[in-house]
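The next block holds one structure in the form of structure tokens; read it before the comments.
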There are 2 protein chains.
Amino acid sequence: MDVKTVCLGMLTDGEASGYDLKKEFESSFSHFFAAGYGSIYPALNALARDGMVECRHVPQEGKPDRKVYTITAAGRDHLLAALENPCPSHKVRSEFLATMCFAHLMSREQIETVLDNRVKEMTDYLQLFREFETTSMDDWPPGARFVLGFGQTMMKTMREYVEENRDKLFDKTGTGNKTAIG
Amino acid sequence: MDVKTVCLGMLTDGEASGYDLKKEFESSFSHFFAAGYGSIYPALNALARDGMVECRHVPQEGKPDRKVYTITAAGRDHLLAALENPCPSHKVRSEFLATMCFAHLMSREQIETVLDNRVKEMTDYLQLFREFETTSMDDWPPGARFVLGFGQTMMKTMREYVEENRDKLFDKTGTGNKTAIG
DNA sequence: CGCAACATGTAAGCGGTTACATGATTAC
DNA sequence: GTAATCATGTAACCGCTTACATGTTGCG
């Protein structure tokens, strides 16, 4: 499933522009599916070319025209076909964990900075999720609630794990093995 | 941090061939950093070209020669520089969660199949992790233990979340909204 | 005065995946 | 016999990231 298919899915919720979709990628989808303008606009153009969406130009005063996209019947069929995949992937790519694998090559200060930054990022996500709950969550479909809850649970667990296990990363000398022993 | 840097890190633990590194990517790194031969072999060639590793040819009987790589001083410097990044990324790309966002467009059977397959994958990972604990974990550096524990905690939490919240994905009719209502 | 928000796009590049190519040995 | 393990690589492709390009309105 690529950016095109996710855009198609977002459009089942109502018409939207590329700019609107980008905001959705940045908010409710940010913790599991990133996409920038560089993938969204070409995706929408390709979908329009293939008859999956229809495009309506909406002129605006003082601002550039909006191009508002609507999903077509063919688009819905394509989306439903994509949703038939029984084994959708769930991939993690973590420079953080790769870095921690080599913690014994780092100083204590370096390790602590990395861990603090990670905890901060997860705290920021949890804050974002709390804002969804207190504002726009009421009309969400069950799937979106499930996914929000999933993100919250993961972020909390990650933060807890890092906080409770960070001590295990430091050797007894407390200086990291950059300090020669022999 | 790319495949090249991770290979360099793995080589701090001792010399290895591309084939050996692939096995490490498939085992202890599999839950957070994927890499196939198509990235590993070119990475090792580039590292050798840049003086980060040295290559030794080891002839074998009946099998192709092994190319065994050793990290150089320049390689170690390069790795330590890479480890100085205070904000290493931790990215999730999940077709699974994207799919679940649109669960209201799927039948109950489809959703259940997807969830079952996800639970199975996490159970397989937990089995793999348990095998590490009972076999080769003794001589692991603290960072590797931290990362293994991280993976275990995440997988357990994910599995639990899916099992405890799967009911929320089904609407009252129990047929999915592919069945027209009006 | 500068920055953020609004709004759309292109082009180069990068990094990784997939498929292909080869070939002996060992275990079932 | 047929699949898996050992062992290394290339080339085409794909999809995403990054940087660039343009221009107005409104806020502090």
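Since this is a predicted model, take the numbers as computed values, not measurements. Hydrogens, waters and symmetry mates play no part in the numbers below; they use all other heavy atoms, side chains included. Quick note on labels: first sequence line is chain A, next is B, and so on, each numbered from 1.
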Review point. What's the NZ-C1' distance between B:K22 and D:dC6, to the nearest Å?
Key: 13 Å
Review point. With sequence neighbours excluded, what pairs up with A:R130 under the side-chain contact (heavy atoms from CB on, under 4.5 Å) test?
Key: A:L126, A:Q127, A:E133
Exercise for review: Take the protein atom CD1 of A:I40 and the nucleotide atom C1' of C:dC6, then report the distance between them rounded to whole Å.
Suggested key: 15 Å
Practice item. Tell me, please, which residues at least two apart from A:R145 pass side-chain contact (heavy atoms from CB on, under 4.5 Å). Key: A:M137, A:W140
Review point. Does any pair with a residue in residues 49-60 of chain B pass side-chain hydrogen bond (donor to acceptor under 3.5 Å, both in side chains), and if so which ones, sequence neighbours excluded?
Key: B:E15-B:R56
Practice item. Using atom CG of A:D65 as one end and atom P of D:dT25 as the other, report the distance to the nearest whole Å. Key: 14 Å
**Study point:** Atom-pair distance (OH on A:Y41; C1' on D:dA19), nearest Å
**Key:** 16 Å
Review point. With respect to the side chain of B:N45, which nucleotide from D:dT10, C:dA5, C:dG9 is positioned closest?
Key: D:dT10
Practice item. Write down the distance between CZ (A:R66) and P (C:dT8), rounded to a whole number of angstrom. Key: 7 Å
Practice item. Using the test ring-ring contact (aromatic ring centres under 6.0 Å, His included), find all partners of B:Y37 that sit at least two apart in sequence or belong to another chain. Key: B:Y41
Practice item. Rounded off to whole Å, could you give me the CG-to-P distance for the A:D20 and C:dA7 pair? Key: 7 Å
Point to revise | side-chain contact (heavy atoms from CB on, under 4.5 Å) against B:E160, all qualifying residues, sequence neighbours excluded | key: B:E164
Review point. Atom CD of B:E24 to atom C1' of D:dC6: distance rounded to whole Å?
Key: 18 Å
Study note, to complete from the structure: Ranking C:dG9, D:dG9, D:dT8 by distance to the side chain of B:Y19, first place goes to D:dT8
Point to revise | Interface with DNA chain C, restricted to residues 48-55 of chain A and to heavy atoms under 4.0 Å | key: none
Point to revise | Sequence neighbours excluded, every pair satisfying ring pair (Phe, Tyr, Trp, His ring centres under 6.0 Å) that has a member inside residues 59-90 of chain A | key: A:H90-A:F150
Check your understanding: When you check the side-chain N and O atoms of A:T113 and A:D116, is any donor under 3.5 Å from an acceptor?
Key -> no
Review point. Who pairs with A:F32 by ring-ring contact (aromatic ring centres under 6.0 Å, His included), at least two apart in sequence or on another chain?
Key: A:F29
**Study point:** Inter-residue atom distance B:K120.NZ - A:C87.SG, 0.5 Å rounding
**Key:** 9.0 Å
Review point. Which parts of nucleotides 16-25 of chain C does protein reach within less than 4.0 Å, heavy atoms only, written one letter per nucleotide 5' to 3' as B for base, S for sugar-phosphate only and - for none?
Key: SBB----BSS
Point to revise | Value in whole Å for how far the P atom of D:dA7 lies from CZ of B:F25 | key: 18 Å
Exercise for review: Compute the bend angle of the helix from C:dC1-D:dG28 to C:dC28-D:dG1 from the end axes (five pairs per end), rounded to 10°.
Suggested key: 40°
Check your understanding: Does CG belonging to A:D2 count more than 12 external heavy atoms closer than 6.0 Å?
Key -> yes
Study note, to complete from the structure: Checking A:T72, A:L80, A:L47 against A:L8 for side chain to side chain contact (heavy atoms under 4.5 Å, CB included), the one that qualifies is A:L47
Point to revise | Heavy atoms from other residues, nucleotides or ligands near CG of B:D20 exceed 12 (cutoff 6.0 Å) | key: yes
Tabulate protein N/O versus nucleotide N/O from nucleotides 12-14 of chain C, keeping only pairs under 3.5 Å, one per line.
none

Practice item. Can you sort out the partners of B:F146 under ring-ring contact (aromatic ring centres under 6.0 Å, His included), two or more places apart, ordered by chain and number? Key: A:Y161
**Study point:** Donor-acceptor contact below 3.5 Å, side chain B:S17 vs main chain B:V68
**Key:** no
Revision key, fill the gap. Side-chain atoms of B:P42 come closest, of D:dG9, D:dC6, D:dT10, to D:dT10
